[in-house]
Amino acid sequence: MSSFKIATWNVNSLRVRLPHVLEWLYYVKPDVLALQETKLQDEAFPAAVIQEAGYEAVFSGQRTYNGVAILSRKKASDMMVELPNFQDPQRRVLAAMVEDIRVLNVYVPNGESIASDKYQYKLNWLKNLELFLRDELKKYPKLIILGDFNIAPEEMDVHDPKLWDGRVLFSEKERQAFQDMLHVGLADCFRKTNPSEKSFSWWDYRMNAFKRDLGLRIDHILASSVLVSACVKCYIDKTPRSQERPSDHAPVVAEFIL
DNA sequence: ATGGTTGCAACGCAA
(Lines give C-alpha, C1' and ligand atoms only; values in the text may rest on other atoms or scores of the structure.)
Protein backbone atom coordinates (compact mmCIF):
# COMPACT_ATOMS: atom_id res chain seq x y z
CA MET A 1 0.00 0.00 0.00
CA SER A 2 1.44 3.34 -1.00
CA SER A 3 0.05 6.83 -1.24
CA PHE A 4 -0.11 8.70 -4.53
CA LYS A 5 -0.89 12.42 -4.58
CA ILE A 6 -1.74 14.16 -7.85
CA ALA A 7 -2.75 17.77 -8.47
CA THR A 8 -3.86 20.18 -11.20
CA TRP A 9 -3.29 23.92 -11.35
CA ASN A 10 -4.00 26.49 -14.04
CA VAL A 11 -1.17 28.92 -13.27
CA ASN A 12 -1.98 31.60 -15.88
CA SER A 13 1.68 32.11 -16.90
CA LEU A 14 4.36 29.89 -15.39
CA ARG A 15 6.86 32.73 -15.87
CA VAL A 16 4.92 34.87 -13.40
CA ARG A 17 3.82 32.02 -11.13
CA LEU A 18 7.06 29.99 -10.87
CA PRO A 19 7.77 31.15 -7.29
CA HIS A 20 4.21 30.24 -6.26
CA VAL A 21 4.54 26.80 -7.85
CA LEU A 22 7.91 26.07 -6.20
CA GLU A 23 6.65 27.12 -2.79
CA TRP A 24 3.49 25.08 -3.21
CA LEU A 25 5.46 21.97 -4.28
CA TYR A 26 7.62 22.36 -1.20
CA TYR A 27 4.64 22.41 1.17
CA VAL A 28 2.28 19.96 -0.52
CA LYS A 29 4.78 17.56 -2.11
CA PRO A 30 2.51 15.94 -4.69
CA ASP A 31 3.84 13.03 -6.74
CA VAL A 32 2.44 14.69 -9.87
CA LEU A 33 1.41 18.26 -10.71
CA ALA A 34 -0.36 19.03 -14.00
CA LEU A 35 -0.08 22.68 -15.07
CA GLN A 36 -2.17 24.62 -17.59
CA GLU A 37 -1.70 28.01 -19.24
CA THR A 38 2.06 27.92 -18.86
CA LYS A 39 2.25 30.42 -21.77
CA LEU A 40 5.84 29.41 -22.47
CA GLN A 41 7.60 28.10 -25.53
CA ASP A 42 9.37 24.82 -24.80
CA GLU A 43 12.80 26.52 -25.05
CA ALA A 44 11.82 28.82 -22.20
CA PHE A 45 10.47 26.13 -19.86
CA PRO A 46 12.23 26.35 -16.45
CA ALA A 47 13.09 22.64 -16.35
CA ALA A 48 16.37 23.12 -14.45
CA VAL A 49 14.80 25.09 -11.59
CA ILE A 50 12.00 22.54 -11.32
CA GLN A 51 14.52 19.71 -11.28
CA GLU A 52 16.36 21.42 -8.41
CA ALA A 53 13.05 21.32 -6.55
CA GLY A 54 12.97 17.54 -7.04
CA TYR A 55 10.64 17.22 -10.05
CA GLU A 56 11.02 16.00 -13.61
CA ALA A 57 9.01 17.84 -16.25
CA VAL A 58 7.44 17.16 -19.63
CA PHE A 59 5.72 20.02 -21.44
CA SER A 60 4.02 21.20 -24.60
CA GLY A 61 3.95 24.96 -24.88
CA GLN A 62 3.61 27.90 -27.21
CA ARG A 63 4.10 31.66 -27.11
CA THR A 64 1.50 33.83 -25.32
CA TYR A 65 -1.37 31.36 -24.90
CA ASN A 66 -2.20 27.85 -23.65
CA GLY A 67 0.62 25.43 -22.79
CA VAL A 68 0.53 22.34 -20.56
CA ALA A 69 3.10 20.55 -18.43
CA ILE A 70 3.37 17.52 -16.15
CA LEU A 71 5.78 17.71 -13.21
CA SER A 72 6.50 14.42 -11.48
CA ARG A 73 8.84 12.91 -8.89
CA LYS A 74 9.51 10.03 -11.25
CA LYS A 75 10.24 10.63 -14.92
CA ALA A 76 7.21 10.49 -17.22
CA SER A 77 7.24 8.49 -20.46
CA ASP A 78 5.10 7.74 -23.52
CA MET A 79 4.18 11.37 -24.08
CA MET A 80 1.40 12.48 -26.45
CA VAL A 81 0.63 16.10 -27.25
CA GLU A 82 -2.22 15.83 -29.78
CA LEU A 83 -5.72 14.46 -29.87
CA PRO A 84 -5.85 11.85 -32.67
CA ASN A 85 -7.38 13.03 -35.96
CA PHE A 86 -7.67 16.58 -34.66
CA GLN A 87 -5.04 18.97 -35.86
CA ASP A 88 -4.77 21.94 -33.54
CA PRO A 89 -1.93 24.44 -33.20
CA GLN A 90 -3.12 25.23 -29.66
CA ARG A 91 -1.07 23.36 -27.05
CA ARG A 92 -3.80 21.99 -24.74
CA VAL A 93 -3.14 18.26 -24.33
CA LEU A 94 -0.36 16.30 -22.67
CA ALA A 95 -0.69 12.58 -21.96
CA ALA A 96 2.08 10.59 -20.30
CA MET A 97 2.78 7.53 -18.18
CA VAL A 98 3.84 8.29 -14.63
CA GLU A 99 4.76 5.14 -12.77
CA ASP A 100 1.95 2.75 -13.79
CA ILE A 101 -0.70 5.43 -14.19
CA ARG A 102 -1.77 7.09 -17.44
CA VAL A 103 -1.97 10.84 -16.76
CA LEU A 104 -3.86 13.02 -19.20
CA ASN A 105 -3.48 16.76 -18.64
CA VAL A 106 -5.97 18.98 -20.47
CA TYR A 107 -6.61 22.67 -20.91
CA VAL A 108 -10.11 22.65 -22.40
CA PRO A 109 -10.96 25.70 -24.56
CA ASN A 110 -12.80 28.46 -22.70
CA GLY A 111 -15.47 29.02 -25.37
CA GLU A 112 -15.79 32.78 -24.75
CA SER A 113 -19.62 32.89 -25.09
CA ILE A 114 -22.25 30.53 -26.46
CA ALA A 115 -22.64 32.72 -29.57
CA SER A 116 -18.94 32.59 -30.35
CA ASP A 117 -17.15 30.40 -32.91
CA LYS A 118 -14.91 29.49 -29.99
CA TYR A 119 -17.87 27.80 -28.30
CA GLN A 120 -18.28 25.48 -31.31
CA TYR A 121 -14.54 24.83 -31.24
CA LYS A 122 -14.87 23.96 -27.54
CA LEU A 123 -17.73 21.47 -28.13
CA ASN A 124 -15.90 19.91 -31.06
CA TRP A 125 -12.71 19.71 -29.00
CA LEU A 126 -14.59 18.00 -26.16
CA LYS A 127 -16.13 15.45 -28.56
CA ASN A 128 -12.66 14.56 -29.83
CA LEU A 129 -11.37 14.32 -26.26
CA GLU A 130 -14.17 11.88 -25.43
CA LEU A 131 -13.24 9.69 -28.42
CA PHE A 132 -9.58 9.76 -27.35
CA LEU A 133 -10.57 8.83 -23.80
CA ARG A 134 -12.45 5.76 -24.99
CA ASP A 135 -9.26 4.46 -26.64
CA GLU A 136 -6.99 5.45 -23.77
CA LEU A 137 -9.18 3.68 -21.21
CA LYS A 138 -8.99 0.48 -23.23
CA LYS A 139 -5.19 0.69 -23.18
CA TYR A 140 -4.78 1.98 -19.64
CA PRO A 141 -7.26 0.84 -16.95
CA LYS A 142 -5.42 3.06 -14.45
CA LEU A 143 -6.10 6.47 -15.93
CA ILE A 144 -6.43 9.97 -14.50
CA ILE A 145 -7.54 12.93 -16.60
CA LEU A 146 -7.13 16.27 -14.91
CA GLY A 147 -6.91 19.92 -15.73
CA ASP A 148 -8.88 23.06 -16.44
CA PHE A 149 -12.08 21.74 -18.05
CA ASN A 150 -13.71 25.19 -18.21
CA ILE A 151 -17.00 23.49 -17.26
CA ALA A 152 -18.89 23.67 -13.98
CA PRO A 153 -20.72 20.29 -13.96
CA GLU A 154 -23.59 20.96 -11.55
CA GLU A 155 -25.53 23.79 -9.91
CA MET A 156 -23.60 23.13 -6.71
CA ASP A 157 -20.42 24.03 -8.59
CA VAL A 158 -21.56 27.59 -9.31
CA HIS A 159 -21.90 30.44 -6.80
CA ASP A 160 -25.07 31.71 -8.49
CA PRO A 161 -26.58 29.06 -10.83
CA LYS A 162 -29.44 31.36 -11.89
CA LEU A 163 -27.01 34.07 -12.98
CA TRP A 164 -24.85 31.52 -14.82
CA ASP A 165 -27.75 29.59 -16.40
CA GLY A 166 -27.09 29.16 -20.14
CA ARG A 167 -23.76 30.98 -20.03
CA VAL A 168 -20.47 29.62 -21.24
CA LEU A 169 -18.79 27.40 -18.59
CA PHE A 170 -22.27 26.30 -17.37
CA SER A 171 -24.35 25.81 -20.54
CA GLU A 172 -26.31 22.62 -21.21
CA LYS A 173 -24.12 21.41 -24.07
CA GLU A 174 -20.90 21.82 -22.10
CA ARG A 175 -22.36 20.10 -19.06
CA GLN A 176 -23.62 17.28 -21.29
CA ALA A 177 -20.15 16.93 -22.83
CA PHE A 178 -18.76 16.62 -19.30
CA GLN A 179 -21.29 13.90 -18.42
CA ASP A 180 -20.47 12.11 -21.70
CA MET A 181 -16.85 11.98 -20.58
CA LEU A 182 -17.84 10.50 -17.20
CA HIS A 183 -19.97 7.89 -18.94
CA VAL A 184 -16.91 6.61 -20.77
CA GLY A 185 -15.88 5.24 -17.38
CA LEU A 186 -14.63 8.03 -15.15
CA ALA A 187 -15.65 9.69 -11.91
CA ASP A 188 -15.10 13.17 -10.47
CA CYS A 189 -12.79 12.62 -7.47
CA PHE A 190 -13.82 15.84 -5.73
CA ARG A 191 -17.55 15.17 -5.96
CA LYS A 192 -17.06 11.52 -5.06
CA THR A 193 -15.26 12.37 -1.81
CA ASN A 194 -17.22 15.58 -1.03
CA PRO A 195 -20.81 14.83 -2.14
CA SER A 196 -22.37 18.10 -1.01
CA GLU A 197 -19.49 20.58 -0.62
CA LYS A 198 -19.88 23.88 -2.47
CA SER A 199 -16.28 24.82 -3.23
CA PHE A 200 -14.80 26.59 -6.20
CA SER A 201 -11.50 26.38 -8.07
CA TRP A 202 -11.65 29.60 -10.11
CA TRP A 203 -12.62 33.17 -9.27
CA ASP A 204 -12.58 36.09 -11.72
CA TYR A 205 -9.85 38.64 -11.01
CA ARG A 206 -12.47 41.39 -11.15
CA MET A 207 -15.06 42.61 -8.68
CA ASN A 208 -13.26 41.16 -5.64
CA ALA A 209 -14.72 37.83 -6.69
CA PHE A 210 -12.32 35.76 -4.56
CA LYS A 211 -12.95 37.72 -1.36
CA ARG A 212 -16.68 37.38 -1.96
CA ASP A 213 -16.27 33.71 -2.97
CA LEU A 214 -18.03 34.31 -6.28
CA GLY A 215 -16.44 31.37 -8.09
CA LEU A 216 -16.95 28.24 -10.14
CA ARG A 217 -15.59 24.72 -9.84
CA ILE A 218 -14.12 24.17 -13.33
CA ASP A 219 -10.83 22.40 -12.54
CA HIS A 220 -11.25 18.67 -12.13
CA ILE A 221 -9.55 15.36 -11.45
CA LEU A 222 -11.39 12.44 -13.07
CA ALA A 223 -10.27 8.87 -12.46
CA SER A 224 -11.04 5.48 -13.98
CA SER A 225 -13.09 3.06 -11.87
CA VAL A 226 -10.07 1.13 -10.52
CA LEU A 227 -8.57 4.36 -9.24
CA VAL A 228 -11.70 6.13 -7.99
CA SER A 229 -12.27 3.44 -5.41
CA ALA A 230 -8.68 4.10 -4.23
CA CYS A 231 -9.25 7.86 -3.91
CA VAL A 232 -9.32 8.70 -0.20
CA LYS A 233 -9.26 12.49 -0.37
CA CYS A 234 -9.76 15.33 -2.84
CA TYR A 235 -9.62 19.02 -1.99
CA ILE A 236 -9.17 22.49 -3.44
CA ASP A 237 -6.26 24.41 -1.91
CA LYS A 238 -7.31 28.06 -1.70
CA THR A 239 -4.06 29.18 -0.04
CA PRO A 240 -2.19 30.21 -3.22
CA ARG A 241 -5.24 32.09 -4.50
CA SER A 242 -5.15 34.31 -1.40
CA GLN A 243 -1.47 35.22 -1.85
CA GLU A 244 0.12 38.16 -3.68
CA ARG A 245 -0.21 38.21 -7.48
CA PRO A 246 -2.09 34.91 -7.67
CA SER A 247 -3.34 32.85 -10.57
CA ASP A 248 -7.11 33.15 -10.91
CA HIS A 249 -7.31 29.35 -10.34
CA ALA A 250 -6.61 27.32 -7.20
CA PRO A 251 -4.87 23.93 -7.26
CA VAL A 252 -7.00 20.78 -6.87
CA VAL A 253 -5.40 17.78 -5.15
CA ALA A 254 -6.39 14.11 -5.06
CA GLU A 255 -4.84 11.40 -2.88
CA PHE A 256 -4.97 7.69 -3.61
CA ILE A 257 -4.01 4.66 -1.57
CA LEU A 258 -2.81 2.08 -4.05
C1' DA B 1 -23.12 48.03 -13.21
C1' DT B 2 -22.68 44.97 -20.61
C1' DG B 3 -18.33 46.98 -16.31
C1' DG B 4 -14.30 45.09 -14.01
C1' DT B 5 -8.59 42.58 -13.93
C1' DT B 6 -4.58 40.06 -15.45
C1' DG B 7 -0.89 38.39 -18.85
C1' DC B 8 1.34 38.93 -23.05
C1' DA B 9 3.53 42.03 -25.62
C1' DA B 10 3.63 46.18 -27.14
C1' DC B 11 -2.47 46.93 -29.52
C1' DG B 12 -5.86 44.57 -28.68
C1' DC B 13 -6.77 39.70 -27.62
C1' DA B 14 -7.85 35.96 -24.55
C1' DA B 15 -9.50 34.57 -20.33
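Letters go in sequence order (proteins before strands), and every chain restarts at 1. Predicted model, so just to flag it, every value in this text is computed and none were measured.
- Of the P atoms belonging to dT2(B) and dG12(B), the separation is 23 Å, rounded to the nearest Å.
- Atom-to-atom, NE2 of His249(A) to C1' of dG7(B) comes out at 13 Å; the value is rounded to the nearest Å.
- Taking atom C1' in both dA15(B) and dA9(B), one finds a spacing of 16 Å when rounded to whole Å.
- Applying the 6.0 Å contact sphere to NZ of Lys74(A) captures no more than 12 heavy atoms from other residues, nucleotides or ligands.
- Position along DNA chain B of the nearest nucleotide to Asn10(A) versus Met207(A) favours Met207(A) as the more 5'-ward residue.
- In this structure dG4(B) sits in no base pair that meets the Watson-Crick or G-U test at under 3.5 Å.
- Rounded to an integer number of Å, the gap from CD of Gln62(A) to P of dA14(B) is 12 Å.
- dA1(B) atom P lies 13 Å from atom CG of Leu163(A), rounded to whole Å.
- Note: CG (Leu214(A)) to P (dA1(B)) measures 17 Å, nearest angstrom.
- Summarising the local packing, CG of Asp160(A) is surrounded by more than 12 heavy atoms from other residues, nucleotides or ligands at distances under 6.0 Å.
- Side-chain proximity of Arg63(A) to dG7(B), dA9(B), dA15(B): nearest is dA9(B).
- Distance, Asn110(A) CG to dT6(B) P: 18 Å, rounded to whole Å.
- On the P atoms, dA10(B) is 15 Å away from dA14(B), given to the nearest whole Å.
- In this structure, dC11(B) makes no Watson-Crick or G-U wobble pair, since no nucleotide meets both defining distances under 3.5 angstrom.
- At a threshold of 4.0 angstrom between heavy atoms, the contacts of Phe210(A) with the nucleic acid are absent.
- Side-chain atoms of Phe59(A) and Leu35(A), non-hydrogen and from C-beta on, never get closer than 4.5 Å to each other.
- Here the nucleotide nearest the side chain of Arg206(A), chosen from dA14(B), dT5(B), dC8(B), is dT5(B).
- Separating the C1' atom of dT6(B) from that of dC11(B) is a span of 16 Å, rounded to the nearest Å.
- A close approach under 4.0 Å does occur between a side-chain nitrogen or oxygen of Arg92(A) and OP1 or OP2 of dA15(B).
- Between Ser13(A) and the phosphate of dC8(B), there is a side-chain N or O to OP1/OP2 separation shorter than 4.0 Å.
- Projected onto DNA chain B by closest heavy-atom contact, Asn66(A) and Lys39(A) fall at different nucleotides, the more 5' of which corresponds to Lys39(A).
- Sparse packing is recorded around NZ of Lys192(A), with 12 or fewer heavy atoms of other residues, nucleotides or ligands lying under 6.0 Å away.
- Distance NZ (Lys118(A)) to C1' (dC13(B)): 7 Å, rounded to an integer number of Å.
- Tested against Ser171(A), the residues Glu174(A), Arg167(A), Lys173(A) include a single side-chain hydrogen bond (donor to acceptor under 3.5 Å, both in side chains) partner, Glu174(A).
- With distances taken from any side-chain atom of Tyr205(A) to the nucleotides dT5(B), dA15(B), dA1(B), the minimum falls on dT5(B).
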